[in-house]
Number of protein chains: 2
Amino acid sequence: MTERRAPRARATTLVKRTEILHAATTTFGAKGFKNGPLTEIAEQVGMTHAGILHHFGSKDQLLLEVLKLRDAEDVADLEGAHIPEGVELFRHLVRTAFANEARPGIVQAYAVLSAESVTDDHPGRPYFEERYRTLRQEIVDAFTSICVERGLTTPHTLGLAAASILAVMDGLQVQWLLTPDDVQLAEASAFAIEAIAARALSPQELPLDLGSARASAAPRA
Amino acid sequence: MTERRAPRARATTLVKRTEILHAATTTFGAKGFKNGPLTEIAEQVGMTHAGILHHFGSKDQLLLEVLKLRDAEDVADLEGAHIPEGVELFRHLVRTAFANEARPGIVQAYAVLSAESVTDDHPGRPYFEERYRTLRQEIVDAFTSICVERGLTTPHTLGLAAASILAVMDGLQVQWLLTPDDVQLAEASAFAIEAIAARALSPQELPLDLGSARASAAPRA
DNA sequence: TACAACTTACTGACAAGTCGGTAAGTTCTG
DNA sequence: CAGAACTTACCGACTTGTCAGTAAGTTGTA
């Protein structure tokens with residue numbers, strides 16, 4: 001936006017880099033990584049694409065730094081506070097879902113990029129593999145700590161529950177991006193998280209009795 | 001795989017078209033729509049890319065027919081049986097999850113394409129919007145029919161539950177594709193569906209009490 | 001302070017490759 | 001022969017990355 005007449009070299013560079021990273025988030029969110037041209041990112045920050053490459057070396061490297069940036073900012077948002085433990089982690093997840101409704105850009109970038117990352121030799125793949133593994137573990141730990149607190153034996157379904165919680169949050173984002181009027185991102189996230197946690201922590205009656213469905217798979221191979 | 005020296009024109013054409021559609025599913029699944037080149041699809045069926053264009057007119061059109069094909073095949077799998085109603089629909093969803101573990105190609109195609117469809121002017125977008133709307137409605141109807149059957153008043157959370165169920169199935173697919181060893185696609189799907197349905201149909205105690213998290217959203221705008 | 005040596009942050013032009021689509025011609029088949 | 005099913009050849013558009021050059025700032029030094 002505003003022109004900066006570099007007072008200090010080092011500081012200005014950092015600002016420019018962050019500006020580029022945010023522009024890249026926008027473009028990758030709007031068009032995906034492979035189809036988000038460097039030119040479009042460049043013109044958002046008043047530069048040529050060669051300038052971007054000067055800063056980041058390659059498009060792949062730019063993607064990796066875009067992904068790292070969000071993590072850095074998310075941690076910054078916690079403002080030195082501890083990583084949430086126990087029930088606090090689930091509250092944090094729900095808060096995040098509510099906050100996400102106000103920043104569709106980043107939500108879209110993550111939704112698009114995480115799915116794109118499963119394609120052949122995608123440079124973001126290792127990042128997302130690691131990210132999901134870490135988040136699942138954090139959720140399992142939170143569940144475990146709740147069980148200890150409440151004197152429950154830890155169920156063997158915590159892994160399933162952890163994966164399901166992340167899955168529902170991601171999946172809801174896609175539906176929300178497609179039909180924002182039909183899907184309430186945060187409400188549904190809160191509902192589902194509570195449902196899955198309830199099931200994991202205190203397995204009660206099974207209103208659907210889906211057990212029989214497990215046995216027979218659909219015909220098509 | 002095997003070369004076909006067309007014996008009959010009309011019948012062969014249909015076969016060829018379906019063969020192309022399956023090849024396209026593979027390529028779009030592996031590389032996405034925008035980055036899945038027609039050439040790659042063409043060589044899978046022993047053709048040049050111009051041959052594909054001869055059959056489908058444009059790449060966009062090919063995508064739409066790829067998406068329609070799966071619906072057609074899924075319906076065919078039901079073999080003239082009714083669209084599942086009530087509890088049967090949920091059993092069908094779980095069966096599908098188990099069946100999907102055996103066909104990672106199609107799973108990946110849908111995971112990649114549905115997320116890609118939220119990008120700017122994506123030709124698959126209307127299809128996915130409609131698809132999710134329809135599926136959500138089917139699930140809501142199934143819930144409603146269960147409520148009627150059991151003499152329950154229909155909760156106002158059925159919409160949230162329906163979106164959540166679809167979300168968890170989609171989200172688990174992405175995690176499963178990224179780390180197949182860590183995530184059990186079908187088990188987790190069954191677990192989550194049961195959890196969400198339980199919560200929607202018989203809201204019991206809330207072990208997490210996440211209500212307070214709704215009020216305060218995270219700082220970042 | 002003054003000036004040289006060096007670094008940083010770019011631009012503009014270009015190379016090299018990819019891709020979708022079209023047009024025109026060829027082969028196959030009924 | 002007529003028309004469907006292609007192929008070959010090609011265009012135009014787009015992309016990433018490289019490279020040389022330039023303007024501006026920074027550092028070292030006397």
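Chain A is the first sequence line, chain B the second, and so forth, proteins listed ahead of strands; every chain is numbered from 1.
With Y127(B) as the aromatic partner, K68(B) does not meet the cation-pi criteria of under 6.0 angstrom to the ring centre and within 45 degrees of the ring axis.
Between Y132(B) and L178(A) there is a side-chain heavy-atom pair separated by less than 4.5 Å. With a 4.5 Å cut-off on side-chain heavy atoms, L63(B) and L113(B) count as touching. Between F128(B) and V174(A), the closest side-chain pair of non-hydrogen atoms is not below 4.5 Å. Residues E116(A) and K34(A) are in side-chain contact: their nearest non-hydrogen atoms beyond the backbone lie under 4.5 Å apart. Between V107(A) and W176(A) there is a side-chain heavy-atom pair separated by less than 4.5 Å.
In summary, of the residues considered (R136(B), E138(B), E130(B)), a side chain to side chain donor-acceptor pair (under 3.5 Å) with T134(B) occurs for E130(B) alone.
The separation between D60(B) atom CG and dG20(C) atom C1' is 10 Å, rounded to whole Å. Atom C1' of nucleotide dT16(D) and atom CG of L63(A) are separated by 15 Å, given to the nearest angstrom. Distance, E43(A) CD to dC14(D) C1': 14 Å, rounded to whole Å. Rounded to a whole Å, the CD atom of E19(A) is 14 Å from the C1' atom of dC10(C). Rounded to whole Å, the distance from NE2 on H49(B) to P on dT7(D) is 11 Å. One can place CD of Q61(B) at 11 Å from P of dG21(C), the figure rounded to the nearest angstrom.
Atom CD of E65(B) is surrounded by more than 12 heavy atoms from other residues, nucleotides or ligands within 6.0 Å.
Within a heavy-atom distance below 4.0 Å of DNA chain C, the residues of residues 52-59 of chain B found are L53(B), S58(B), K59(B). Proximity of residues 27-41 of chain B to DNA chain C (heavy atom under 4.0 angstrom from any strand atom) is restricted to G36(B), P37(B), L38(B).
Checking dT8(D), dT16(D), dT11(C) against every side-chain atom of T48(B), the shortest atom distance belongs to dT8(D). Taking every side-chain heavy atom of A50(A) into account, dT11(C) is the closest of dT11(C), dT7(D), dC10(C).
Using cut-offs of 30° and 60° on the angle between ring planes, the pair F143(B) and F90(B) is tilted.
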